[in-house]
Amino acid sequence: MPGDRASFLEAVARSRSLHHPWAYPPDTSDAFDAYIEAHPSRRTLVVVVEHEEPLAGVYALSQIHHGAFRNAYLGYYAFMPHAGDGSMREAMPLLFRYAFGELGLHRLQANVQPGNERSLRLLRATGWREEGYARRYLKVGGRWRDHVLFAILAEDVRASVGERRPIYDRRHVGSRPSDAAEPPDG
């Protein structure tokens with residue numbers, strides 16, 4: 001993520017009207033650095049489409065707990081021009097593989113403001129379950145906001161939504177379908 005600073009800041013500037021009032025991602029170099037340094041245990045994954053610019057979005061796992069809890073909170077947002085094109089939905093299985101596989105978590109939680117229809121649709125379309133409603137739950141944009149509470153368990157993901165486009169983890173060379181010697185089986 002630190003290597004994605006310039007692309008991230010360009011995407012935030014391009015997407016300001018999409019994000020507000022739902023999210024306020026860092027929009028300056030100093031704010032970006034503070035975001036990275038404030039929570040060194042946060043795992044931020046950028047969503048890209050076939051190694052192309054601009055960035056499609058971000059998934060961030062924070063408050064990661066192991067031991068008996070094995071839980072994390074998910075924050076996310078798309079960037080223009082990819083908002084609404086399915087990129088975030090299609091990348092969710094990669095997030096699940098990372099969280100439930102590499103990190104060994106059992107549960108993820110996500111909290112969405114009730115008027116944020118796109119975010120609500122994303123969670124519902126990818127198998128998350130609504131667990132409740134919290135009044136004045138989180139301060140966003142200087143105001144206490146109500147949130148709908150969602151969660152998904154590792155065992156829920158076994159029946160996850162299929163993908164239309166191949167997804168890959170750019171941290172691992174050779175993980176793109178186009179890098180394979182033989183075409184992947186359908």
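From a predicted model like this one, the values you see are computed outputs, not experimental measurements.
At least one side-chain heavy atom of Asn116 sits less than 4.5 Å from a side-chain heavy atom of Arg118. Counting only heavy atoms from C-beta outward, the side chains of Leu149 and Tyr133 never approach each other to under 4.5 Å. Looking only at side-chain heavy atoms (C-beta outward), Trp128 and Met92 come within less than 4.5 Å of each other. In this structure the side chain of Val12 never reaches within 4.5 angstrom of the side chain of Pro26, judged on heavy atoms. Counting only heavy atoms from C-beta outward, the side chains of Gln113 and Asp146 never approach each other to under 4.5 Å. No side-chain heavy atom of Tyr59 sits less than 4.5 Å from a side-chain heavy atom of Val46. The shortest side-chain heavy-atom distance between Asn111 and Phe150 does not fall under the 4.5 Å cut-off. A heavy-atom distance below 4.5 Å is not found between the side chains of Leu123 and Val148.
Across Arg70 and Gly67, no two heavy atoms sit closer than the pair CG-O, 3.0 Å. When all heavy atoms of Ser29 and Arg5 are compared, the closest pair comes out as OG-CD, 3.9 Å. Closest of all the heavy-atom pairs between Arg14 and Leu55 is NH2-O, 4.1 Å. Among all heavy-atom pairs drawn from Pro25 and Phe8, the shortest one is CB-CZ, 4.2 Å.
Clustering ILVMFWY residues whenever any of their side-chain heavy atoms sit less than 4.5 angstrom apart, transitively, puts Tyr73 in the very cluster that holds Leu138. Linking Ile, Leu, Val, Met, Phe, Trp and Tyr whenever their side-chain heavy atoms come within less than 4.5 Å leaves Tyr24 and Phe32 in two separate clusters. The hydrophobic clustering, which links ILVMFWY residues whose side-chain heavy atoms are closer than 4.5 Å, places Trp22 and Met88 apart. A continuous path of Ile, Leu, Val, Met, Phe, Trp and Tyr side chains, each step under 4.5 Å between heavy atoms, connects Leu74 with Tyr98, placing both in one hydrophobic cluster.
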Subject >> Stepwise side chain to side chain contact (heavy atoms under 4.5 Å, CB included) test for Ile152 and Val157 >> reply: CA-CA 8 Å; Ile152 193 163; Val157 172; 3.9 Å; yes

**OP:** Decide yes or no on side chain to side chain contact (heavy atoms under 4.5 Å, CB included) for Ile64 and Leu105, but give the supporting numbers first.
**Re:** CA-CA 8 Å; Ile64 300 169; Leu105 299 176; 4.1 Å; yes

**OP:** Carefully, step by step, assess Ser87 and Asp85 under the rule side-chain hydrogen bond (donor to acceptor under 3.5 Å, both in side chains).
**Re:** CA-CA 6 Å; Ser87 297; Asp85 74 357; 2.7 Å; yes

Subject >> Leu61 vs Leu103, side chain to side chain contact (heavy atoms under 4.5 Å, CB included): CA-CA, chis, key distance, verdict >> reply: CA-CA 10 Å; Leu61 295 170; Leu103 295 181; 3.8 Å; yes

Subject >> Residues Glu90, Val47; criterion side chain to side chain contact (heavy atoms under 4.5 Å, CB included); working and verdict >> reply: CA-CA 10 Å; Glu90 292 173 14; Val47 177; over 6 Å; no

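Atom CG of Asp156 sits about 9.5 Å away from atom CZ of Arg107, to the nearest 0.5 Å. Rounding to the nearest 0.5 angstrom, the gap separating the CZ atom in Arg143 from the CZ atom in Arg136 is 9.5 Å.
Proximity of a side-chain donor or acceptor of Ser15 to a complementary backbone N or O of Leu18 within less than 3.5 Å is not detected. Thr126 places no side-chain N or O within 3.5 Å of a backbone atom of Arg89 that could act as its donor or acceptor partner. A donor-acceptor pair is defined here as one N or O able to donate and one able to accept, closer than 3.5 Å; such a pair exists between the side chain of Tyr76 and the backbone of Ser119.
Applying side chain to side chain donor-acceptor pair (under 3.5 Å) to Asn71 and the options His66, His106, Gln63, Gln109 leaves one that passes, Gln109.
Comment: Arg129 does not engage Glu155 in a salt bridge, judged by the lack of any side-chain N to carboxylate O separation of less than 4.0 angstrom.
With a 6.0 Å cutoff to the six-membered ring centre and a 45° limit on the axis angle, Arg42 counts as a cation-pi contact of Tyr35.
The aromatic rings of Phe79 and Tyr77 stand perpendicular to each other, their planes meeting at an angle above 60°, with 30° marking the opposite boundary.
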